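Report on the following structure.
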Amino acid sequence: MAQLFPRWTNKAPLYVLIAVTCLIFLTIFVIWYYGSPKYTDAGYQPQQPIPYSHKLHVGDLGMDCRYCHSQIEFTAMANIPSTQTCMNCHSIIFKDSDKLMPLKESRLTNKPIQWIKIHKLPDYAYFDHSAHLSAGIGCSSCHGQIDKMEVVHQVQPLSMSWCLECHRKPEKHIRPVSEITNMNWKPLENQKEFALDVIDEKKLNPPVECSGCHR
């Protein structure tokens with residue numbers, strides 16, 4: 001009696017199993033990669049109400065981060081500079097520039113400029129700027145080379161795994177506190193030895209348990 005199906009169909013269930021398995025792994029990879037902060041958050045670059053150039057102010061003019069973000073060494077949150085902080089210079093410099101119209105309007109109406117937050121953490125994650133800066137973690141470790149950015153964008157994913165990677169091995173990021181805003185700082189020749197001394201001296205113990213950041 002003639003066979004109803006050709007011989008190759010005997011292996012059809014195996015082919016289907018392999019195809020389904022590959023599809024499952026491909027789906028997991030696509031969700032894991034394209035849904036991760038590294039893909040969805042890194043590179044985020046919104047248009048701000050005023051085209052403020054960090055390259056000009058920080059890179060070319062050499063302004064210290066703490067002139068505008070004056071509370072970062074003392075509080076958990078990084079403060080946004082007030083209109084008056086900007087006007088300290090721009091009441092004299094480029095005071096007639098059309099680009100500064102929102103700034104002038106803010107001063108006249110006493111309404112703050114609606115800057116768009118770039119580096120965001122979920123509400124359930126606690127982060128303290130002052131703790132990191134006092135430990136010697138520089139601005140560029142998290143924010144990248146701000147001094148080279150015409151328009152600020154997010155460089156790092158700021159994901160839990162990224163934070164834990166630094167908490168487990170912070171040695172390469174620790175610098176003298178006097179250098180935390182220095183965008184051109186490079187690790188020392190004896191970086192690991194220096195960092196271990198700082199960790200021992202300041203009794204640093206970056207948390208890796210859940211309660212360290214989820215309070």
Side-chain angles (χ1 to χ4, degrees), residues 36-46 48 52 54-55 57-59 62-82 85 115-149 151-215:
S36 68
K38 186 175 183 179
Y39 187 85
T40 60
D41 295 349
Y44 177 53
Q45 187 182 64
Q48 300 289 356
Y52 180 89
H54 276 76
K55 180 182 181 300
H57 291 79
V58 180
M63 287 179 62
D64 191 285
C65 306
R66 291 164 293 194
Y67 180 77
C68 296
H69 306 289
S70 56
Q71 300 300 313
I72 54 175
E73 292 181 281
F74 316 108
T75 61
M77 300 294 291
N79 65 295
I80 301 297
S82 65
T85 299
W115 298 102
I116 300 174
K117 188 176 179 63
I118 298 174
H119 301 86
K120 304 176 183 177
L121 290 178
D123 291 339
Y124 53 77
Y126 177 77
F127 178 85
D128 189 332
H129 269 86
S130 62
H132 287 76
L133 293 176
S134 64
I137 304 300
C139 304
S140 59
S141 290
C142 298
H143 298 291
Q145 293 297 130
I146 292 287
D147 59 320
K148 292 179 171 55
M149 297 183 190
V151 180
V152 173
H153 63 275
Q154 183 171 326
V155 175
Q156 303 293 354
L158 307 184
S159 62
M160 184 173 74
S161 60
W162 180 80
C163 293
L164 284 173
E165 182 180 346
C166 181
H167 276 215
R168 289 179 178 131
K169 295 181 179 180
E171 291 86 359
K172 65 180 180 180
H173 297 287
I174 294 177
R175 62 178 76 179
V177 173
S178 60
E179 302 293 327
I180 54 176
T181 62
N182 182 358
M183 294 292 161
N184 298 313
W185 184 84
K186 302 295 182 185
L188 306 172
E189 291 185 4
N190 62 333
Q191 176 63 26
K192 187 172 183 179
E193 180 183 351
F194 163 77
L196 291 175
D197 287 342
V198 172
I199 291 172
D200 181 62
E201 178 184 347
K202 296 186 176 182
K203 301 295 186 294
L204 300 180
N205 185 26
V208 294
E209 66 277 0
C210 301
S211 61
C213 300
H214 305 293
R215 302 181 178 183

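Every value quoted in this text rests on a predicted model; they were computed, and no experiment measured them.
Between the Asp147 side chain and the Lys55 main chain, no donor and acceptor come within less than 3.5 Å of each other. A donor-acceptor pair under 3.5 Å is absent between the side-chain atoms of Glu201 and the main chain of Val198, judged by distance alone. Here the side chain of Thr85 pairs no donor or acceptor atom with the backbone of Pro81 at under 3.5 angstrom. Under a 3.5 Å cut-off, the side chain of Thr75 and the backbone N or O of Gln71 do form a donor-acceptor pair. The backbone N or O of Tyr67 sits nowhere less than 3.5 Å from a side-chain atom of Ser70 that would complete a donor-acceptor pair.
The heavy-atom pair separating Ser140 from Gln145 by the smallest distance is CB-OE1, 4.0 Å. The heavy-atom pair separating Val151 from Gln45 by the smallest distance is O-NE2, 3.1 Å.
With Phe127 as the partner, the ring-ring contact (aromatic ring centres under 6.0 Å, His included) test is satisfied by one option alone out of His132, His214, His119: His132.
Separation of atoms CD1 (Ile118) and NE2 (His143) is listed at 10.0 Å; rounding is to 0.5 Å. Within the model, atoms CD1 of Ile146 and SG of Cys139 stand 8.5 Å from one another, a figure rounded to the nearest 0.5 Å. Here the CZ atom belonging to Arg175 is positioned 10.0 Å from the CG atom belonging to Leu133, to the nearest 0.5 angstrom. Rounding to the nearest 0.5 angstrom, the gap separating the NE2 atom in His153 from the OH atom in Tyr44 is 13.5 Å. Rounding to the nearest 0.5 Å gives a distance of 14.0 Å between NE2 of His54 and NZ of Lys148.
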Check residues 176-183 and write down every donor-acceptor pair under 3.5 Å in which the side-chain atom is one partner and the other belongs to a residue at least two apart or another chain.
unit_1	atom_1	unit_2	atom_2	d
Glu179	OE1	Asn182	ND2	2.8
Thr181	OG1	Asp64	OD2	2.9
Thr181	OG1	Arg66	NH2	3.4
Asn182	OD1	Asn184	N	2.9

Solution key, residues 163-172 side-chain donor-acceptor pairs under 3.5 Å, sequence neighbours excluded:
unit_1	atom_1	unit_2	atom_2	d
His167	ND1	Pro207	O	2.7

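At a threshold of 4.5 Å between non-hydrogen side-chain atoms, the residues Trp115 and Gln48 count as touching. Contact annotation: the side chain of Arg215 never approaches that of Tyr124 to less than 4.5 Å [non-hydrogen atoms, C-beta and beyond]. At least one side-chain heavy atom of Leu158 sits less than 4.5 Å from a side-chain heavy atom of Leu121. Counting heavy atoms from C-beta on, the side chains of Cys65 and His57 never come closer than 4.5 Å.
Heavy-atom contacts from other residues, nucleotides or ligands closer than 6.0 Å to CD of Glu209 number more than 12.
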**Prompt:** Are Ile174 and Leu204 close enough, and set up right, to give a side chain to side chain contact (heavy atoms under 4.5 Å, CB included), and what steps lead you there?
**Reply:** CA-CA 11 Å; Ile174 294 177; Leu204 300 180; 4.2 Å; yes
**Prompt:** Could you go step by step and tell me if Phe74 and Ser134 meet the side chain to side chain contact (heavy atoms under 4.5 Å, CB included) rule?
**Reply:** CA-CA 9 Å; Phe74 316 108; Ser134 64; over 6 Å; no
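For Trp162 and Gln156, the side-chain atoms include at least one donor-acceptor pair closer than 3.5 Å.
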